[in-house]
Amino acid sequence: GDQVKQSPSALSLQEGTNSALRCNFSIATTTVQWFLQNPRGSLMNLFYLVPGTKENGRLKSTFNSKESYSTLHIRDAQLEDSGTYFCAVNTGANTGKLTFGHGTILRVHP
Amino acid sequence: EAAVTQSPRNKVTVTGGNVTLSCRQTNSHNYMYWYRQDTGHGLRLIHYSYGAGNLQIGDVPDGYKATRTTQEDFFLLLELASPSQTSLYFCASSDVGRDTQYFGPGTRLLVL
């Protein structure tokens, strides 16, 4: 089965609202990364997390290693937040091997 | 910001064809990676490298070879392309293994 599961698989938000994306994993990891793939296909890194919380503007992400999940909170969603959000966990100690979830497709509408 | 470039951006070949995808990073990163992205599978790691001359096998290596000629350049080789290799290919780099990965713009490959 999938070792990294993201939910929901798709989400539609009205501009200005808030939401949370979830990433559950069944493999041991010490780091979690979140990426946004924009509608043109480009992948941008959002967060690199060790256990704990980071915040960047309207985005906040938490990695809970004890319960094997991570969340990405989006506050005051904007149209440019639309795209596919991927979480990825590092499964190879210092090798950099990432296992990705299947992504959450987010559409922000006026 | 890390700079990772890929070429070509789009490629069409026929079954059995020989294809080389190129990736260059200009930030002196040690680690480089090749992924493929397919609907329903997310991104999957094909091969990766710790440095020039090094190659490590990823999670979906069958049908692919790779070569890291310099610290900057990492190539993905499809010597007998098959339609199942039609995909969007991404290259990425990171300074060390446990670090943020920076992705290139991707190469769309169509195997007819």
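The sequence lines fix the lettering, A, B, ..., with proteins before strands; numbering per chain opens at 1.
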* Quick check: are there more than 12 heavy atoms from other residues, nucleotides or ligands sitting under 6.0 Å from CD1 of A:I27? -> yes
* Against chain B, label A:Q6 side chain, backbone, both or neither, depending on which of its atoms sit under 4.5 Å from a heavy atom there. => neither
* Asked: In terms of heavy-atom proximity below 4.5 Å to chain A, should B:L43 be classed as side chain, backbone, both, or neither?
  -> both
* Do B:K11 and B:Y89 come within less than 4.5 Å of each other through their side chains, counting heavy atoms only? -> no
* Structure fact -> Residue pairs meeting salt bridge (Lys or Arg N to Asp or Glu O under 4.0 Å), one or both in residues 29-48 of chain B, sequence neighbours left out, come to B:R36-B:D38, B:D38-B:R44
* chain B contact via A:F35 - which portion, at a heavy-atom distance below 4.5 Å -> side chain
* For residues 20-59 of chain A, pull every pair meeting disulfide bond (SG atoms under 2.5 Å apart), keeping only residues two or more places apart or in separate chains. => A:C23-A:C87
* To do: Against chain A, label B:Q56 side chain, backbone, both or neither, depending on which of its atoms sit under 4.5 Å from a heavy atom there.
  => neither
